Amino acid sequence: MPGDPTIHHTSDLRGSDGASEGASSLVVILVGAPGSGKSTFCDDVMAAARRPWVRVCQDVVANGKQGTKSQCITSASAALEEGKSVFIDRCNLEQEQRADFVRLRKVQVDVHAVVLDLPAQLCISRSVKRTGHEGKLQGGRAAMVVNRMLQKKELPNLTEGFSRITFCQNESDVKEAVKTYSQLGPSDILSAGVFGQKNKEAKVQLGIMKFLKKIDKPDFDASGKDSTPVGNLPHDTASIQTSVTSTCSMELEKNKEDLRNSNSKCPSQRSLIGDSSMDFVHTLAFPSISTADFQFDLKLASEIIVDCVSDFLQRFDNIRLVLVDLSEKSKILSLVRERSANKHIDSSKFFTFVGDITQLHTRGNLRCNVIANAANWRLKPGGGGVNAAIFKVAGESLQIATKKCADILSPGSSVVVPLPSNSPLHSRERVTHVIHVVGPNMNPQRPNCLNNDYVEGCKVLRNAYSSLFANFASILENQSKTDSKRHVSAISSTHVEGTTITSSPDSDQMAKQEAQSNPDRNKKSKVFATSGASKDKSIVMNDNHGHTPCNENTGNLMSSASLGDAVDENRRHAKVTKRSWGAWAQALHEIALNPEKHQNVVMEKSDDYVVLNDMYPKAKKHVLVVSRLQGLDSLSDVRKEHLSLLKTMHSAGLKWTRMFLKEDASLMFRLGYHVVPSMRQLHLHVISQDFDSPRLQNKKHWNSFNTSFFRDSTDLIQEIEKHGVANINDDESLLKMELRCHRCRSAHPNIPRLKSHIALCKASLPASLLDNDRLVSASPKG
DNA sequence: GTTCTAGAAC
DNA sequence: GTTCTAGAAC
């Protein structure tokens with residue numbers, strides 16, 4: 001072990017004796033300045049490794065070229081999926097730079113840090129001397145860069161989410177660490193904690209790791225009661241090493257399954273979550289999401305439920321999850337029971353329950369402090385089923401409390417609402433929190449259903465449960481913080497050692513405390529499920545993505561709400577609220593309404609539309625067909641009555657493509673609309689697919705034409721014919737997606753590189769563009 | 001929509 | 001140090 005190579009090294013490296021179901025993968029985040037030897041460390045470990053490793057290096061992640069952080073995350077996730085362990089080989093000197101990689105942690109995936117904290121002088125001299133460095137950082141300027149970076153250095157801390165941190169401060173430390181990791185067999189597990197840190201002053205905060213059950217509590221008394229306030233945890237590295245390699249810890253890691261099934265075997269196994277009295281177990285009761293009104297396939301749903309439950313239970317002790325349904329004959333309950341038994345899930349931690357979720361305590365004699373609601377996207381009472389029942393029993397106070405937390409909820413996400421104590425659900429049923437969840441809709445009788453797209457549906461349903469459980473955990477975490485604060489204050493005021501606080505705080509009080517510890521929680525927000533593999537939905541749930549309030553942007557509200565009676569609601573809503581447009585967004589509106597004043601730019605004019613060149617073309621050919629109908633500003637305003645206008649505009653666009661193709665037969669075109677237009681007045685983009693233009697300058701430009709932010713005119717016409725309204729996903733995070741070539745789908749770190757690539761890429765455009773006449777070219781379907 | 005610019009990343 | 005992004009202002 002670095003710093004003290006002999007201590008605990010043998011016990012440090014332990015096999016799991018085949019007890020675990022599968023090998024645990026590792027994410028090892030290297031932390032160090034350029035020249036600290038990160039790549040060499042990876043190479044040395046991988047040369048002698050006893051498990052499969054993948055090195056993810058930002059300098060080469062994009063097909064051998066420098067890539068982006070999100071590409072690194074994608075690449076790391078892919079390696080983990082394959083059961084490989086991953087080195088994150090980038091500087092990672094600041095906490096923020098590490099955070100996204102720490103989020104790769106999940107069941108069967110631990111995240112470690114290896115800090116190559118070598119003398120700055122050494123790093124600099126190595127950086128200056130080297131040649132052919134992947135990151136092109138070498139020679140004279142290296143010294144300055146390394147110095148600057150080291151000034152910002154933030155050494156990693158367990159509270160960031162690492163289960164193990166190894167500090168290396170000299171070559172022999174590095175050698176030891178290389179040995180430790182290279183000897184790690186496929187199912188071996190390294191013990192948790194901080195190793196090799198010389199600085200005794202360094203604070204070690206273990207609260208979060210305890211919460212995540214990733215490390216043992218370093219100190220507990222013989223009675224097994226948690227008597228050590230966080231502030232009293234040993235800061236001395238040696239004592240941490242001793243505690244994490246105790247017999248109890250060995251058992252814990254050797255056979256997690258056995259220990260999960262028995263709280264009594266190892267006192268330290270008891271989680272410190274929430275209620276410190278052991279007679280109450282935090283319990284979340286939840287209905288099956290999406291399988292009633294939204295008609296999600298029961299078998300698939302049962303698989304997802306059990307998988308998500310199983311994942312979650314591996315992380316937490318002293319909690320219970322209960323799936324509730326009204327009828328004994330419930331198919332979903334029996335499917336879940338069957339699958340759960342097959343997966344050997346501890347039935348004391350997860351079980352099904354027949355009864356009314358609003359009367360579990362009084363009628364069912366089942367104490368559940370948190371219940372989930374299968375909510376609608378508007379978070380409104382009414383409708384039917386569980387949602388109506390919960391709002392009815394909880395009374396108006398739940399509506400008010402909900403309004404304080406969120407406006408709307410998108411499928412796949414959830415929001416926690418602390419239940420005021422005056423709610424009957426709180427006083428009678430002892431429920432302190434309701435978590436509203438929205439799942440995917442598979443019911444064709446409802447607008448915007450997923451049309452049997454079970455790939456997307458399963459993804460959304462998984463997200464819904466992950467979000468629900470993570471939010472349940474967040475309640476416990478907040479309560480745990482509250483308890484631990486109280487605990488500390490109790491000890492300091494009375495000096496009675498070992499006192500445990502058994503009172504459960506009033507939820508109003510707790511809500512206030514929560515608001516203090518998490519200011520965003522009570523912020524009124526829309527809650528959107530984020531898309532993109534790099535984001536961990538289960539971690540950030542109450543994320544306000546910066547969308548404008550509903551009354552300022554009808555379009556935004558409309559299509560983000562893609563469920564149930566969203567369309568009707570928006571029609572009503574659209575009548576009373578209109579999006580406001582900035583002065584700069586009025587240009588097309590002005591031209592469309594007064595084309596005679598703009599003869600210099602108008603190339604064609606009819607009663608229905610005008611055609612003009614886009615003032616800032618994003619390709620060789622880029623024209624706009626602008627509707628002249630007043631009040632029709634964007635796709636979200638389009639209804640069946642506009643169908644013929646849309647068709648007329650499409651024909652006009654096609655006419656112009658034919659003219660362009662006569663000039664240059666190699667061009668290919670798409671005709672479509674931006675889901676959220678920047679300029680007022682409905683306008684159709686006719687754009688050649690070369691994207692060869694100096695005006696294409698940023699990510700937003702690219703993604704607005706190369707993600708589902710761009711909707712093909714033909715598809716929209718079809719949708720409006722069928723449903724009377726366009727099915728649009730206006731998630732503006734689409735505009736921030738990684739940059740991918742529209743031909744070969746390769747990812748690129750920035751716009752200049754993407755542009756160099758697309759200038760050369762000879763791959764065909766995706767086959768999907770050949771469907772439904774989305775692509776217009778000189779030789780049809782070519 | 002663009003332009004400007006601070007600051008992130010290396 | 002340079003390159004590039006992303007947010008503010010218009």
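Hydrogens, waters and symmetry mates are skipped; everything else that's a heavy atom, side chains included, is used. Every value quoted in this text rests on a predicted model; they were computed, and no experiment measured them.
Contact check, A:Arg90 against B:dA9: no side-chain N or O comes under 4.0 Å of OP1 or OP2. The phosphate of B:dA9 has OP1 or OP2 within less than 4.0 Å of a side-chain N or O from A:Gln97.
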Heteroatom pairs (N/O) under 3.5 angstrom, protein to nucleotides 3-8 of chain C:
unit_1, atom_1, unit_2, atom_2, d
C:dT5, OP1, A:Ile751, N, 3.1

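Taking atom CD1 of A:Ile88 as the reference point, atom P of B:dC10 lies 12 Å away to the nearest angstrom. Here the C1' atom of nucleotide B:dC10 and the CG atom of A:Leu93 are 11 Å apart, to the nearest Å. Between A:Leu735 atom CG and B:dT2 atom C1' the separation is 16 Å, expressed in whole Å.
Between the side chain of A:Arg628 and the backbone N or O of A:Ser606, at least one donor-acceptor pair lies under 3.5 Å. For the pair A:Arg695 (side chain) and A:Tyr616 (backbone), a donor-acceptor distance under 3.5 Å is absent. Checked by atom type and distance alone, the side chain of A:Asp637 pairs as donor or acceptor with a backbone atom of A:Ser634 at under 3.5 Å.
Between A:His683 and A:Tyr609, the ring centre distance reaches or exceeds 6.0 Å. Taking the ring centroids of A:His742 and A:Phe710, they lie at or beyond the 6.0 Å cut-off.
Between the side chains of A:Thr714 and A:Asp712, no donor-acceptor pair of N or O atoms lies under 3.5 Å.
Counting any heavy atom pair closer than 4.0 Å across all strands shown, A:His683 reaches no nucleic acid atom.
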